[in-house]
Amino acid sequence: MPAPNLLPPEKVPPPKDGFAVGVLALQGSFWEHEVMLRRLGVAVREVRLPADLNGLAGLIIPGGESTTIGKLAVAFGLLEPLRAFGREHAIWGTCAGAIFLSRDARRSQPLLGLMNITVERNAFGRQIASFEADIPVPALKTVAPADERPFRAVFIRAPLIETVTPPAEVLATLDDGRIVAAQQGHLLATAFHPELTDDTRFHRYFLHLAGWAAAASP
Amino acid sequence: MATQVASYKVKVGLAQMLKGGVIMDVVTPEQAKIAEDAGAVAVMALERVPADIRKQGGVARMSDPELILKIMDAVSIPVMAKVRIGHFVEAQILEALGVDYIDESEVLTPADEEHHIDKHAFKVPFVCGARNLGEALRRIAEGAAMIRTKGEAGTGDVVEAVRHARAVLGEIRRLQTMAEEELYTYAKEIGAPLALVREVKELGRLPVVNFAAGGIATPADAALMMQLGMDGIFVGSGIFKSEDPPRRAAAIVKAVTHYNDPAILAEVSKGLGEPMRGQQAADLPAEARLAGRGW
């Protein structure tokens, strides 16, 4: 697990005063996302209630159990505030978060429906099929033009993105063409967990979508 | 592309996805559905909850694979199941079934009084109980990808879970202040590998996820464990031995998310009906205590 005192801060100019992003902290890997954001010098707020969204430039919906996150979002009146937030601001969902952003997950559970994608939950099977793989993500060149490395993608009981309909676009696939990341304007969905790596490129890509220009100039 | 299946990272990673959540003991597919509908992040499939194992006595073993498979079919969330301490063949069977996590558990009757399972040998990740830092690090050295307090299962009395959480977290805090040359003797004293002791000092926490378990029965119990610094909660007998399991289950889920918000804790604690009756852990004779199992 990443630890704030072990990972070095990255050499990027700090964002301007007042720039803060949220991490939906109902359940799941929210602390791991916070560690990555703090390494980049970004102010972070945990979001558990609608009022916590005020003034944020963007929001990450972490990995976790999508059914749990959905039920808690309903119970605490977050569905409509999150939809309204996502119409104006950047949101990035990892794994369960990507499911929550989709418009269809093939079963009855609360979804935000913000992105024109459909997902299949647990598409690779149960935990014994969880895996790590290097995948190319050309879009990361936006924030790291000189970095040729593939991205180490960690898939845990992961979903697949089955369909991507405009204005949503495919951002990354596995070797066999199956879709594992998509973007729709300022909305981002990944079936894998960049928060479980020490590679901050995806977090910088998200911060770039959230309006932090310096994220793109390391 | 370099692909690696069932790496240690994805074993620990699944537990990281369960953080801030509640894992519930269930004995039927119907209970599993109730748990999922209440917002559980995973279920533990069992033939008997710990309170009944305590009451009925006899040898407690791995559950019938048929029951475990029915529960796996009933829900979309991860399914865990228990094996006896040291019983690596029960673990092989659970891996063949495809369960998502194995609990090598003191709640079942131990199969080996000296050795725990070599958990590195499995693709399925393991969670193990611990009463203190040394025990936690011995289990991690054997390959455990998640730790939980032992508490005293099946009592509905949170006192032992608090004792074990305070022991582990307090020892980690003391470790932070130790000088490098003190680590060697400390590792020897607590019976833990030096490399892991050093890693915990650097991280300021266990290198794996650390849940509370053993005696949690109310939303307030769950929030107490979270405020003490645990990553999430197992509830065993506390839900389905209470008067209104669906409401109590949902209330505990909400309490774990909003563990630092007393107004919400007050709201979710209202009108839940009778909690499990329970049994004071202090009244148990030594031979009835489950936490002493494991070495």
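All chains are named by letter (A, B, ...) in the order of the sequence lines, taking the proteins before the strands, and each is independently numbered beginning at 1.
Between B/His258 atom NE2 and A/Leu26 atom CG the span is 6.5 Å, to the nearest 0.5 Å. The distance from atom CD of A/Glu65 to atom CD1 of B/Ile23, rounded to the nearest 0.5 Å, is 10.0 Å. Distance check: A/Glu46 CD to B/Thr257 OG1 gives 11.0 Å after rounding to the nearest 0.5 Å. Here the NE2-CD distance, from A/His193 to B/Gln16, works out to 9.0 Å after rounding to the nearest 0.5 Å.
For chain B, the nearby part of A/Ala129 is the backbone; its heavy atoms alone come within less than 4.5 Å. When heavy atoms are compared at a cutoff of 4.5 Å, B/Asp261 approaches chain A solely by way of its side chain, counted from C-beta outward. Looking at B/Ala42, neither its backbone nor its side chain comes within 4.5 Å of chain A, counting heavy atoms on both sides. When heavy atoms are compared at a cutoff of 4.5 Å, A/Ala153 does not approach chain B at all. Contact annotation for B/Tyr259: only side-chain heavy atoms (C-beta onward) come within less than 4.5 Å of a heavy atom of chain A. Looking at A/Arg157, only its side chain comes within 4.5 Å of chain B, counting heavy atoms on both sides. Proximity to chain A involves both the backbone and the side chain of B/Val79, based on heavy atoms less than 4.5 angstrom apart.
Within a 6.0 Å radius of CD in B/Gln227, other residues, nucleotides and ligands contribute more than 12 heavy atoms. The neighbour count for A/Phe151 CZ, taken as heavy atoms of other residues, nucleotides or ligands under 6.0 Å away, is above 12.
The greatest number of non-hydrogen atom pairs below 4.5 Å with chain A, out of B/Pro78, B/Gly20, B/Ala250, is found for B/Pro78. The candidate from A/Arg107, A/Arg152, A/Glu132, A/Gln109 with the greatest count of non-hydrogen atom pairs under 4.5 Å with chain B is A/Glu132. If you tally non-hydrogen atom pairs under 4.5 Å between each of B/Glu36, B/Lys11, B/Glu95, B/Met72 and chain A, the highest count goes to B/Met72.
Under the 3.5 Å distance criterion, the side-chain polar atoms of A/Ser29 are left unmatched by any main-chain donor or acceptor of B/Met17. With hydrogens and angles ignored, the 3.5 Å screen pairs no side-chain donor or acceptor of B/Thr3 with any backbone N or O of A/Ala133. At least one donor-acceptor pair under 3.5 Å links the side chain of B/Lys9 to the backbone N or O of A/Leu196.
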request  = Dump the intermediate steps for side-chain contact (heavy atoms from CB on, under 4.5 Å) on A/Arg126 and B/Val124, then the final yes or no.
outcome  = CA-CA 10 Å; A/Arg126 305 195 71 98; B/Val124 183; over 6 Å; no
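Between A/Gln27 and B/Val253, the closest side-chain pair of non-hydrogen atoms is not below 4.5 Å. In this structure, A/Phe76 and B/Ile264 have side chains that are in contact, with non-hydrogen atoms separated by less than 4.5 Å. Using a 4.5 Å heavy-atom cutoff, the side chains of B/Pro125 and A/Gln127 are in contact.
Annotation for B/Ser76 and A/Arg121: closest pair OG-NH1, 2.9 Å, computed over non-hydrogen atoms. Shown here for B/Val5 and A/Ile128, the closest heavy-atom pair between the two residues is CG1-O, 3.4 Å.
Exactly one residue among B/Asp100, B/Leu14, B/Val10 makes a side-chain contact (heavy atoms from CB on, under 4.5 Å) with A/Ser130. That residue is B/Val10.
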